[in-house]
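Let me begin by presenting the structure, written as structure tokens, before commenting on it.
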Number of protein chains: 2
Amino acid sequence: MNNTETYKRIVDTTYALFAEHGIDKTSMAMIAKEVGITKPAVYYYFSSKEELVDFLFEEICKEIDFAKCFTIEAYTKNNFQAKLLSDGFKMIQDQENDAFFSRVINEYILVSIRNEKYRQTFYSITEGFMNGFVDLLTKGAQFGVVTNEKLTTKAQLLSMVIDNIGNYMLMGFKIDYNEIWAEAVHNVLKSED
Amino acid sequence: MNNTETYKRIVDTTYALFAEHGIDKTSMAMIAKEVGITKPAVYYYFSSKEELVDFLFEEICKEIDFAKCFTIEAYTKNNFQAKLLSDGFKMIQDQENDAFFSRVINEYILVSIRNEKYRQTFYSITEGFMNGFVDLLTKGAQFGVVTNEKLTTKAQLLSMVIDNIGNYMLMGFKIDYNEIWAEAVHNVLKSED
DNA sequence: GTCTATAACTGGATAGAC
DNA sequence: GTCTATCCAGTTATAGAC
């Protein structure tokens, strides 16, 4: 594996083709053609399609992390509501900006239902979001800005909402996702306004 | 198309195989073998795989309908909360009972991302849920049991939650979905208890 | 209605030359 | 490192016998 330039081009091209055609319907021949080399040349870098698919999967999963989206340490009693809102808004914005990324993730998620290895990874990531929200809300409760009741349930609700917003975007709904997130957040906060 | 018995067996078998292996990885040969006939015999009933896939899609879509899950006419001022809860619980229960069904839907969703016809159908179904909840909440507001503010947003939130519950189930999360739904419903109702 | 047989093609993957 | 050439398994689909 000397020519890292080719290697990189294979990965980038595959990423784009997966987004456009899906994993199954992207053949090694298509990838090779798009990169401008031949099939055996691709096999020089990735010994099988599975290896290439797996590699991209790992790369992508690194990007999806609760701690990257919601920085618990930065939350204070005074900024709690504003920060919970804005971190969500940012996540929504990111998904709107990089539809490519969302599509590929979605592709892997749907495939994961029949692939135990992928399923477990997504399970862990989603679990990370649910647990992360529990931690965040627990902190909020200590600050006295979040109601203590049904904290886990509220955390799961937040996780489900932020997660499904991406799906609705992909489906093409032009609705106010920020407002939906705001409504979900409003539900976990102690009554104000 | 004389032997409707064979026809029915093909459809049922395909349904099961799609749930187990996915649409792409279920071949006409597999279907034939599982039914106990040969490939050309399957082609006698369905002139192409696409036709078979389409037929199953139509069948399945008929089952997913807001009006079937939430019977607006049955809602009154007094039963509103209880009915909104129980209709959701029933939907959750149904999905738990028929994991096969959920899996096949998931399979079609995957295809729909790159198939305009399927995508539009799913779009309409989901839109039907969002609009249905708007109608329902509007009725609730007239009864005085639902807050009038941000009614559309609240409806979209309900739609997202009930929709994603199915996904979380497929991923294998053993959490209290009823409680999550109850929490979402609680958010749309005027303050009580 | 269901069969055998086969066409026509596409997919992943590799041997061996350069 | 990248190529040509090739293999082989598996796919949709059909012609034609029974």
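Note on naming: letters A, B, ... go to the chains in the order of the sequence lines (proteins, then strands), and numbering restarts at 1 for each one.
- B:F122 and B:F57 have their aromatic ring centers within a separation under 6.0 angstrom.
- Considering every non-hydrogen atom in both B:T71 and B:D87, the closest pair reads N-OD2, 3.8 Å.
- Rounded to a whole Å, the NZ atom of B:K25 is 12 Å from the C1' atom of C:dG12.
- In the displayed structure, B:E34 atom CD is contacted under 6.0 Å by at most 12 heavy atoms of other residues, nucleotides or ligands.
- Listed nucleotides D:dA13, C:dA13, D:dT2 differ in distance to B:S48; the shortest reach to its side chain belongs to D:dA13.
- Mapping B:T6 and A:D24 onto DNA chain C via the closest heavy atom, the residue that lands nearer the 5' end is B:T6.
- Sorted by residue number, the members of residues 29-40 of chain A with any non-hydrogen atom under 4.0 Å from DNA chain C read A:K39, A:P40.
- Relative to the side chain of A:Y43, the nucleotides C:dG11, C:dT14, D:dT12 differ in distance, and C:dT14 lies closest.
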As a quick check of understanding, evaluate ring pair (Phe, Tyr, Trp, His ring centres under 6.0 Å) for A:F70 and A:Y75, giving each step before the final call. CA-CA 9 Å; A:F70 297 87; A:Y75 282 70; 7.3 Å; no
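- Put simply, CD1 on A:I23 is 16 Å from C1' on C:dG11, counting in whole angstrom units.
- Using a 4.0 Å cut-off between charged nitrogen and carboxylate oxygen, A:R119 and A:E116 count as a salt-bridge pair.
- Taking 4.0 angstrom as the limit, A:Y44 places none of its side-chain polar atoms (N or O) nearer than this to OP1 or OP2 of D:dT2.
- Residue A:K49 contributes atom NZ, which lies 9 Å from atom C1' of C:dG12 at whole-angstrom precision.
- At whole-Å resolution of the value, CE in A:M28 and C1' in D:dC7 are 17 Å apart.
- For C:dT2, the OP1/OP2 oxygens have a side-chain nitrogen or oxygen of B:Y45 closer than 4.0 Å.
- Nucleotide D:dT14 holds its P atom 15 Å from the CZ atom of B:F46, rounded to whole Å.
- Open room surrounds NZ on B:K33; 12 or fewer heavy atoms of other groups in view lie less than 6.0 Å from it.
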